[in-house]
Amino acid sequence: MKDMLRNIPSVNELLEYPPLKSLVHTASHNVVVSGVRSFLDNLRTNVQSSAAAMNIPTPSELAERIASWITAEQKLSLRPVINATGILLHTGLGRAPLAEEAIAAMSEVAGGYASLEIDLATGERSQRVVAVERLLTKLTGAEAATVVNNNAAATLITLAGVATGKEVVVSRGELIEIGGSYRLPEVMSASGAILREVGTTNKTRAADYSAAVSSNTGALLHVHTSNYVVVGFTESPQLHELIAIGRKHNLPVIDDIGSGALIDLKKYGILGEPIATDSIKAGADLVLFSGDKLLGGPQCGIIVGKSALIQKIMKHPLMRAFRVDKLTLSALAATLGLYQDPEVAERRVPLLSLLATPLDNLKNRAERLAPQLAATGGIATAEPVQDHAYLGGGSVPSQEIPTWCVALTPSKGNVNALAAALRTGIPAVMGRIKNDRLLLDLRSVLPGQDMLLVDALTAFAKPAAMTESLATL
Ligand SMILES: *Cc1c(COP(=O)(O)O)cnc(C)c1O
């Protein structure tokens, strides 16, 4: 074993071999040196713990292997992906892409200091959400607003701030799970509020809420069942009925609307998504929604509603844990600014412009792209096909958005291997597999990214080209 350990070359020796030497130019010296060190450490541990003799590769083989290991490790980090899944609000891909205005606003405050909690007019300390509160109240008609890290945090802090130790009445049909880690009953229990379920999975009536109200009730909660639909023999109370009950018993009504559309998206075929303004107008005391779903802004949770309740929430100790930073606030303010004119929002908020893209445009793009993708040589066929895209991100599961895709069939290997290669390539592309073909759905591909799809297929067809593009990273 000692001999084997002695056969392992030194870091400095390995760094002289071409694969590692050239990697120093693309990654940094530190990255390469620490990569080589940890690879060798692992190798030594393996040698020491293995009973049988191990073959130590030659230094040049080792250098080759370590170089590709470091390259793979570097690639694992967060990097841009072309979303060709057709899922516009893909949570795994970071939900809504930001508007240019939002990016510019972030970059203006990112590299320096900003008036985050200082009122520049008086020089006094101010609230950090001032930057967005005025816009939020103006756009939703609410008295007050605040912002936290996401809608899960908004729900948690709202329940904690308004109803801790008290019962919160919710319909059994609205006990949602949004992705594995968000389950309403668990969020509720973490907040210290007590879940008081009423009704049944398919039928809950206003009278069920009335019957559940007692001196121990803290709030009534209405939740938009954004990622499922119950069909058939169903009944659920309207928000205005809950509001009437809340008024009668002097209890706050909280409306978790989920996606947080600020404008009606009916004309894009998105039906039944609650709009924050409507909820406020109906008289909800607190309305909660995400910033990075249909609003098309940065990840955050927005709480709008009655001033006294918002004040209570903002004083809760969790506020400090859930507060957003200057980047989120600046991006949100810029995005909300666009909504002051809905036509501007539709043009400038990427999520809305992706939704608004006419089907004919997508068809033209698919027809133009298909032969270009086929010409890269890595695939057997590329064919424009019509299909359905989805909003995703826990929004409107049953509504299909018409779209055009380019369907690829691999020239060798199976379609899963093609999908994996494009996913791990540069640029990274995620498509969706359907009937043994890889569909690149243009509904979710930003205009201007079409040529990057050609680049991705080129890199796939000619791995050498990939090394080159790696070198330019
Ligand atoms: C998405 C969603 C949530 C969770 O929001 P995040 O911003 O992902 O934390 C909560 N409630 C509803 C109704 C939702 O649709």
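Hydrogens, waters and symmetry mates play no part in the numbers below; they use all other heavy atoms, side chains included. The residues of the chain are indexed from 1 along the displayed sequence. What you are looking at is a predicted structure, and each value in this text was computed from that prediction instead of being measured. Order of appearance sets the numbers: ligands from 1, and atoms from 1 within every ligand.
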Validation: residues 339-346 side-chain donor-acceptor distances under 3.5 Å, sequence neighbours left out:
unit_1: Tyr339; atom_1: OH; unit_2: Leu295; atom_2: O; d: 2.7
unit_1: Gln340; atom_1: OE1; unit_2: Lys138; atom_2: NZ; d: 2.8
unit_1: Gln340; atom_1: NE2; unit_2: Gly337; atom_2: O; d: 3.1
unit_1: Asp341; atom_1: OD1; unit_2: Glu343; atom_2: N; d: 3.0
unit_1: Glu346; atom_1: OE1; unit_2: Lys267; atom_2: NZ; d: 3.2
unit_1: Glu346; atom_1: OE1; unit_2: Tyr268; atom_2: OH; d: 2.4
unit_1: Glu346; atom_1: OE2; unit_2: Lys267; atom_2: NZ; d: 3.3

Ligand-side contact atoms (ligand 1) for residue partner Ile176, heavy atom cut-off under 4.0 Å: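 Those qualifying, in numeric order: 11 (N), 12 (C), 13 (C).
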Numbered atoms and elements of ligand 1 in range of Ser290, under 4.0 angstrom, heavy atoms: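 Checking each atom against Ser290, I get 5 (O), 6 (P), 7 (O).
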Residue from Leu251, Thr204, Leu221 passing side chain to side chain contact (heavy atoms under 4.5 Å, CB included) with Tyr209: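 By the side chain to side chain contact (heavy atoms under 4.5 Å, CB included) criterion, Tyr209 pairs with just one of Leu251, Thr204, Leu221: Thr204.
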Stepwise side-chain hydrogen bond (donor to acceptor under 3.5 Å, both in side chains) check, His222 with Asp255: CA-CA 5 Å; His222 182 258; Asp255 191 16; 2.8 Å; yes
Heavy-atom closest pair, residues Ala456 and Val429: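 Taking Ala456 first and Val429 second, the nearest heavy atoms are CB-CG2, 3.5 Å.
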Sub-4.0 Å heavy-atom contact, Gln299 with ligand 1: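 The answer is no: ligand 1 sits nowhere under 4.0 Å from a heavy atom of Gln299.
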Ligand 1 contacted by Arg95 (non-hydrogen, < 4.0 Å):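 Yes, that is the case, since the closest heavy atom of the residue is under 4.0 Å from the ligand.
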Residue pair Thr403, Asp441: steps toward the side-chain hydrogen bond (donor to acceptor under 3.5 Å, both in side chains) verdict: CA-CA 7 Å; Thr403 188; Asp441 190 326; 2.6 Å; yes
Thr217 side chain vs Ala219 backbone, donor-acceptor pair below 3.5 Å: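 Checked: no pair found.
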Check: Arg128 side chain, Val324 main-chain N or O, donor-acceptor pair, under 3.5 Å: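 Present.
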Polar contact flag for [X] and ligand 1 (N/O pairs, less than 3.5 Å):
X	result
Asn151	yes
Ser259	no
Asp256	yes
Ala152	yes
His224	no

